[in-house]
Amino acid sequence: MKANVKNIFVEGAIAPEKIAQSIAAHQAKTGIGGHCLFLGQVRADEVAGKTVTAIDFSAQREMANQVCHQIKEKAFAKYPIHCMHIYHSIGTVKTGELCFFVFVSAAHRTDLAQALDKIVQQIKAEAPIFGKEIFDDQSHQWKENKY
Amino acid sequence: MKANVKNIFVEGAIAPEKIAQSIAAHQAKTGIGGHCLFLGQVRADEVAGKTVTAIDFSAQREMANQVCHQIKEKAFAKYPIHCMHIYHSIGTVKTGELCFFVFVSAAHRTDLAQALDKIVQQIKAEAPIFGKEIFDDQSHQWKENKY
Amino acid sequence: MTQRTLTYYGKLAELTGKSKEEITTEAHTVGALKDRLIDRYPALKKVSFKLAQGQAIADDKDLLTDTNIDVFPPFSGG
Amino acid sequence: MTQRTLTYYGKLAELTGKSKEEITTEAHTVGALKDRLIDRYPALKKVSFKLAQGQAIADDKDLLTDTNIDVFPPFSGG
């Protein structure tokens with residue numbers, strides 16, 4: 001793996017405190033005027049009378065990290081972004097907990113929300129991550145992303 | 001003021017911990033699948049050799065709250081949003097600190113970033129809030145938003 | 001002649017040297033009151049400003065319906 | 001005949017009953033290996049799957065250049 005390819009994976013749920021720390025870490029970067037964050041949260045979807053209680057995430061981690069690195073490089077080339085951070089859960093995340101966190105920062109707001117949306121969409125489409133939805137009766141189904 | 005019109009104003013900077021608390025408060029809402037957040041941060045802009053050290057925000061608070069309430073109502077009617085929160089600083093916010101926080105949540109990601117961007121743009125254009133940029137030599141200039 | 005309370009915000013409080021004042025004027029429309037204010041404070045000619053009444057921005061052709069009028073420079077929140 | 005190590009992910013580990021296996025095959029292209037896998041696991045005929053080598057998704061016409069091949073169901077992160 002290339003030295004500058006970062007590990008996006010976090011064991012279990014992403015804590016709101018981690019998000020606060022990530023935000024606070026940008027206070028020294030006084031060229032930044034705006035941040036946009038996307039957070040994915042596990043929904044208690046109902047399927048045929050059963051309710052999702054958690055998602056168990058697995059991945060081909062090395063490729064997922066590589067793919068996210070490339071998505072970041074392309075976004076930096078396309079948008080005037082100062083900072084970009086991507087985190088995704090691995091393992092079990094309960095309903096209501098956070099499993100995905102994408103964070104972009106720039107001097108100005110223009111295009112920032114659009115850039116965030118594109119990056120989130122690309123990660124969902126291109127990163128080899130797999131979600132297994134666990135129901136309240138311990139049965140499961142494999143999550144499918146709709147675009 | 002109508003009973004359901006919320007106060008958007010926070011004295012001084014918005015703490016990252018407040019953002020974490022706001023995120024954590026949504027964990028019980030298990031129909032939510034995604035959150036999008038915008039954070040405004042005070043930039044250390046340079047003007048003619050002087051550097052911005054803080055922005056002092058004032059407002060016509062009652063009208064600003066009313067305007068944000070209407071922006072929320074329109075957004076709820078237009079987008080399938082579950083939750084929406086708006087906070088803005090009043091008083092002094094130093095460079096690197098946060099002065100503006102808009103938070104939208106929905107079952108699915110579709111249109112969420114776009115809705116956030118529209119709401120942020122409307123607040124900046126329609127809410128009577130005024131920023132006075134304080135320079136390092138104690139002189140000041142009045143902030144102007146560019147769209 | 002009607003007495004109205006004007007509240008100046010941001011840069012306009014600086015330009016007029018006051019945050020609030022009462023004036024008695026024959027102006028019946030927002031546009032007429034704006035002209036009256038430019039006469040009173042020539043510095044206002046060079047800046048963009050808007051009036052609001054009842055917690056809403058008013059157009060120049062609107063009738064003045066409130067005794068409390070807010071005088072706003074361009075908004076710069078966010 | 002070349003020996004390759006296949007790694008199955010997510011739903012495909014469940015369908016094939018294994019997460020990793022070594023197979024020896026005459027397939028030179030990604031498409032040929034996919035056909036070979038469908039012969040081996042008829043359940044794969046009904047699902048969408050992709051192969052990756054060298055940390056990148058491979059097209060059917062690509063030559064197999066790596067001994068380690070990942071077998072992926074549709075991605076569902078986020």
Side-chain angles (χ1 to χ4, degrees), chain B residues 1-2 5 8-10 14 38-43 45 52 55-71 86-91 93 98-102 116-117 119-133 139-147, chain C residues 3-23 25 27 29-31 33-34 36-38 40-78:
Chain B
M1 199 188 296
K2 280 192 275 177
V5 172
I8 68 163
F9 291 103
V10 172
I14 299 168
F38 177 80
L39 304 172
Q41 182 168 308
V42 175
R43 273 194 318 273
D45 279 352
V52 171
I55 297 181
D56 188 19
F57 287 103
S58 56
Q60 208 281 37
R61 296 194 194 201
E62 189 176 345
M63 178 170 156
N65 286 328
Q66 188 76 45
V67 163
C68 287
H69 178 75
Q70 287 158 359
I71 289 169
I86 300 169
Y87 299 100
H88 199 291
S89 293
I90 194 96
V93 182
L98 303 172
C99 59
F100 188 29
F101 172 27
V102 183
L116 176 68
D117 195 53
I119 293 161
V120 167
Q121 192 176 334
Q122 285 169 2
I123 296 167
K124 291 176 76 123
E126 299 170 24
I129 302 174
F130 311 98
K132 182 177 167 181
E133 296 174 323
S139 66
H140 70 265
Q141 74 175 12
W142 290 90
K143 182 171 179 270
E144 289 191 12
N145 285 344
K146 297 169 195 82
Y147 300 100
Chain C
Q3 178 169 303
R4 302 194 191 272
T5 303
L6 304 179
T7 309
Y8 300 98
Y9 289 86
K11 183 170 60 174
L12 299 186
E14 223 170 67
L15 284 180
T16 61
K18 53 194 72 159
S19 59
K20 208 182 261 281
E21 71 176 330
E22 307 214 332
I23 67 165
T25 169
T29 65
V30 167
L33 179 56
K34 285 173 80 175
R36 177 83 183 75
L37 289 175
I38 290 170
R40 195 174 176 88
Y41 302 106
L44 290 183
K45 198 174 285 184
K46 285 174 268 169
V47 303
S48 159
F49 70 101
K50 288 179 180 174
L51 304 190
Q53 56 185 352
Q55 316 303 343
I57 293 294
D59 288 334
D60 281 3
K61 61 179 193 320
D62 289 351
L63 291 175
L64 292 166
T65 54
D66 209 309
T67 54
N68 293 301
I69 306 290
D70 291 320
V71 189
F72 291 141
F75 301 162
S76 56

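Side chains included, hydrogens not; waters and symmetry mates left out as well; all remaining heavy atoms used. Naming convention: chains lettered A, B, ... in sequence-line order (proteins, then strands); numbering from 1 in each chain. Bear in mind that the values here come from a model prediction, so they are computed numbers and not experimental data.
Between the side chain of B/Ser58 and the main chain of C/Gly10, no donor-acceptor pair closer than 3.5 Å is present.
For chain C, no part of B/Ala64 is nearby; none of its heavy atoms comes within less than 4.5 Å. With a threshold of 4.5 angstrom between heavy atoms, C/Ala52 approaches chain B through side-chain atoms but not through N, CA, C or O.
Summarising the geometry of B/Lys124 relative to C/Phe75, their closest heavy-atom pair is O-CB, 3.8 Å, with the distance given to 0.1 Å. Closest approach of B/Cys99 and C/Gly78 over heavy atoms only: SG-O, 3.9 Å. Scanning both residues, B/Gln60 and C/Tyr9, for their nearest heavy atoms gives CG-OH, 2.9 Å.
With a 4.5 Å cut-off on side-chain heavy atoms, C/Gln55 and B/Gln70 do not count as touching.
With chain C as the partner, the residue from B/Ala59, B/Ser89, B/Pro128, B/Ala127 showing the most heavy-atom pairs under 4.5 Å is B/Pro128. The candidate from B/His140, B/Gln41, B/Lys132 with the greatest count of non-hydrogen atom pairs under 4.5 Å with chain C is B/His140.
Note: B/Phe130 and C/Phe72 have tilted aromatic rings, judged against thresholds of 30 and 60 degrees for the angle between ring planes.
Among residues two or more places apart in sequence or in another chain, the side-chain hydrogen bond (donor to acceptor under 3.5 Å, both in side chains) test is passed with C/Glu21 by C/Tyr8, C/Lys18, C/Arg40, C/Tyr41.
Counting non-hydrogen atoms of neighbouring residues, nucleotides and ligands closer than 6.0 angstrom, the NZ atom of C/Lys50 reaches no more than 12 such neighbours.
Separating the CD atom in B/Gln141 from the NZ atom in C/Lys11 is a distance of 10.0 Å, to the nearest 0.5 Å.
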